[in-house]
Amino acid sequence: MKETPLSNCERNFILKAIENKERLDGRQSYDYRRIKLEFGIDRGCCTVELGETIVMAKVSCEVGQPKQTRPTEGFLYINVEFSPMAEAHFEPGKQTEQANEMARVLERCLRDSRAVDLESLCIMAGAKVWKLRVDIKILNYDGNTIDASALCSIAALSHFRRPDITVSGEEVTIHSVDEKDPIPLSIHHLPLCVTIAFFHQGTYCLTDPISREEKVMDGKMIIGMNKHREICTLQMTGNMLLNKEQVLRCTNIATVKIVELNDVLQNALSADEEARSSGKPYGTYVADFRKVTVKAAESPTHSMSEIEEEARSMQLDSDRMEESEEEVVENVVKNSWLLRIKESKANEAQKVKDTICSEIDEFLTTQREMSDLQQQSIVNNSSKNNGAKGQDQDAKTDTKRKRNQNRPKKKPDTQSTAKGESLDSATSQTKKSKGKRKGK
Amino acid sequence: MDKDSIFIPGDIICPADNNYISGNGTVTRKNTIYASIAGKCNFQKIEDGKTVVEIRLKNSHNQNIVPTIDCLVAARITNVNPRFCKCAIISVDDVLLPESFRGLIRKEDARATEKDKVELYKSFRPGDIILARVLSLGDAQAYLLTTAENELGVVSATSESGETMIPISWCEMQCPKTLAKENRKVARVHKDYIINSLVTEAE
Amino acid sequence: MAAWELLKDQNFRLDGRKPTELRRIETRLGVFPNADGSAYLEQGNTKVLATVYGPHEVKGGRGRSNPDKAVINCQFSKSAFSSSERKTHMKFGRNSSETNQHLVQALNAAVMSHLYARCQIDVYVEIVQSDGSDFCACLNASTLALIDAGIALKDIVTCCSATIVDEKSVVDVNYVEESSGSAVLIVGLLPKDEQIAYMQMKGRLHADHLEKLLDCAVEGCRNINNILKERIGEHLKTHSSHFTLTRPATPGRAERSRPAIA
């Protein structure tokens, strides 16, 4: 299927809004969308949600022969796939320019900057090394897949554990997970990417563009950096011309954003570690599955309260930055802090909504059991009576079933007024928060 | 501004005031004429007393010209269809193209009058050389051309016997050998451009 | 190779250059008679050939044609004998297609593509000998080939690489300096307005050093620009006997008024 091009009026609208320093989703120029990082049950599986963009990465490893020119180094392959799930015009299996570009940027960011120690992947020099493979799949496309993928892949690599090995002479034994605990990879630093999009021949720049903004932009600058302010990769794409000052301004913006992204990553990793070590349920898929059968609503895999404190401390840190950039930086941090407060409120509302859902599920199951019992009794009765009457009975059971289905909706109101009030207010709260998020 | 000086793309030639107009190979930006190709600069005076500034490439036939809207092109008919006819554009203005572009003449664009009663097979035949004007850039397949002017149409055609035909009227051409008349949409070429020797031979 | 070996005392590099010194550049335009434009460029031991065909009709599918501007198509190829070890490079592999995209991006900034709407310009680049700064040599050679083909350009694009060795920025890196693992910055510049059309960095570099490195690369681009201009001027002077004035001058297409339809 072919991609529908953006209409001229949409294009003009977005460009004019950017001139007035406004964005389609109400963000500030340097704000990121809501980031959600979740790990799976398997080690090395990570999903990142950056607004509507959803990216999933999975790390796997196998043993192979090293290159002849580098006998003590392992391999790190990065494969990016734009699935047609993400957007209808992506063709399955076809390696598009976009996927290619992304894979190369990530390779430079992770491999060429020596984020992962490839020498530690050596088992037997010249004979056997570990070949790491990061498979990234774009599940939903709404712009800025590079930032999301970079975050996702480094998170997956940090999360991954490779099997332990013992070398005895010429023999190499790879221990399974039951025999020996798998060991983490040796990661020197955590490079993350920041994408800055340019508009109006480089006059205005925004971070984290959504897909509509990407269609309108002149070009973008991708900066890969770690929290020690070391630039891991830098790339300019698109048809635009920049001067030196713009390039340096981008690196300053990137410095601030990297710190925020790093916080999200660290919190998610530590929360997952905690969950795994303390025996609590971990991994997104397990948590979702349990929600239906077990009543208790699970807490999200990373807490927002820690992030607020970090943001406050970061604000103090940012005061120490250069005077010329102070204004910009302060605004950026304040806005992101406000965003986090909004997020925490939304999460609370989400929690209450989850409890409502689980309770409704319970009522439905109990009602279904009751209606089943009723049906059985009716069936037993009808088997005694005539067949013609049975039809009427079936109609009666249908209406009874419908009535039963309607009942659980009424029940919470009648049961306890206090609960009913809180539920109503909670639902209205969620509606309001939803309205805020999807606001103009 | 020396006539013998070589210019490279991006070099400033002269300010763009009323006397100087940018010509081929130059571009005007912010009241200055810049060179956009590498070559020697040429100043030529035209009627209004103004000077046209242009840059000449080393070989004139290497000039990169491309059909643009409203330019005059010469094309060779390749296909004739009841609805449209396809042709290969061989020259633009008077510059021969190294590689032909594809052009399309729709039925309604073949003639200026009685557009609905046009029969393309009576206007063009494959192999004819026509003069046409570019209507639009068309689609990815072909440029859209028109011959709906008196001066546009078939310039040279060969008859069924293989001889170059002589135009008789705006809609007929005659073979000098067999004297058979064939229907074409003939271009009214200015008499200065007609090679008189051909006409006298036939007579 | 350890970084300290690259910059010995008295500030000389391994090949005897000073840190801000470029390698020797040799150029030749109009190398192939068949192509519309061609060029051969040598930057030290890196030797590159570039040919340009066009502008001609868009080939390869109806989707590629753009009614507003020309489509530039680049094909980058590295010969198997170009490096010290014979190695066949995949023409359609990931690295080549990335280089193709980047060449297209950099050339799009220079070519006045609105003059060649709905047409395609092909640029073919072949690395004959590779000794570092391959991409820079490719971009410089492509610019020369475009000039030879007479395609209208806003300004010539020059490209230069730079790296940091011992806290000193070093321009025009060769193969040894590239493979030492230090950060290499490649900048494609439009020298007149000092605008960066293309930029790429590989390796790890502290953000404080970026400005220094950028300045060094931009200075290198400026120097290459001066050298290329000289060479183009020389080439045109020796071939100036071919200048013919067969056509009377006409005002440019933009100024030409619409003729009245008879």
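Naming convention: chains lettered A, B, ... in sequence-line order (proteins, then strands); numbering from 1 in each chain.
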Crowded around [X] [atom1]? As in, over 12 foreign heavy atoms under 6.0 Å?
X      : atom1 : result
A/Q65  : CD    : no
A/R111 : CZ    : yes
A/Y204 : OH    : yes
A/R70  : CZ    : no
C/K202 : NZ    : no

Note, A/L241 side chain near C/L190 side chain (heavy atom, < 4.5 Å):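 Yes - at least one pair of side-chain heavy atoms lies under 4.5 Å apart.
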Heavy-atom distance under 4.5 Å between the side chains of C/E98 and A/E97, does that happen here?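 Side chain of C/E98 against side chain of A/E97, heavy atoms only: no contact under 4.5 Å found.
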A/Q246 versus chain C, heavy atoms under 4.5 Å apart: side chain, backbone, both or neither?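 For A/Q246, no heavy atom lies under 4.5 Å from chain C.
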Where does A/H228 contact chain C at under 4.5 Å (heavy atoms): side chain, backbone, both or neither?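 Answer is backbone: N, CA, C or O of A/H228 sit under 4.5 Å from chain C.
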Side chain C/E211, main chain A/E245, donor-acceptor under 3.5 Å: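 Checked: no pair found.
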For [X] against [Y], the heavy-atom pair lying closest together:
X      : Y      : result
C/L210 : A/I231 : CD2-CD1, 3.8 Å
A/M236 : C/A197 : CE-O, 3.3 Å
C/R204 : A/S113 : NE-O, 3.3 Å

When rounded to the nearest 0.5 angstrom, what is the spacing between [atom1] in [X] and [atom2] in [Y]?
X      : Y      : atom1 : atom2 : value
C/S96  : A/N100 : OG    : CG    : 9.5 Å
C/M201 : A/L234 : CE    : CG    : 6.0 Å
C/D208 : A/E230 : CG    : CD    : 10.5 Å

Under a 4.5 Å heavy-atom cutoff, which of [options] has the most pairs with chain C?
options                        : answer
A/I223, A/N226, A/T237         : A/T237
A/T233, A/T69, A/I222          : A/T233
A/V247, A/L242, A/T251, A/L248 : A/L242

Measure distances from [X] to the heavy atoms of chain A and classify the residue's part below 4.5 Å as side chain, backbone, both or neither.
X      : value
C/L205 : both
C/Q101 : side chain
C/L189 : neither
C/H209 : neither

Residues A/K244 and C/D215 bridged, charged N to O under 4.0 Å: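 Salt bridge present between A/K244 and C/D215.
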Under the side chain to side chain contact (heavy atoms under 4.5 Å, CB included) criterion, do C/T99 and A/R104 qualify, and how do the steps go? CA-CA 10 Å; C/T99 315; A/R104 285 293 298 149; over 6 Å; no
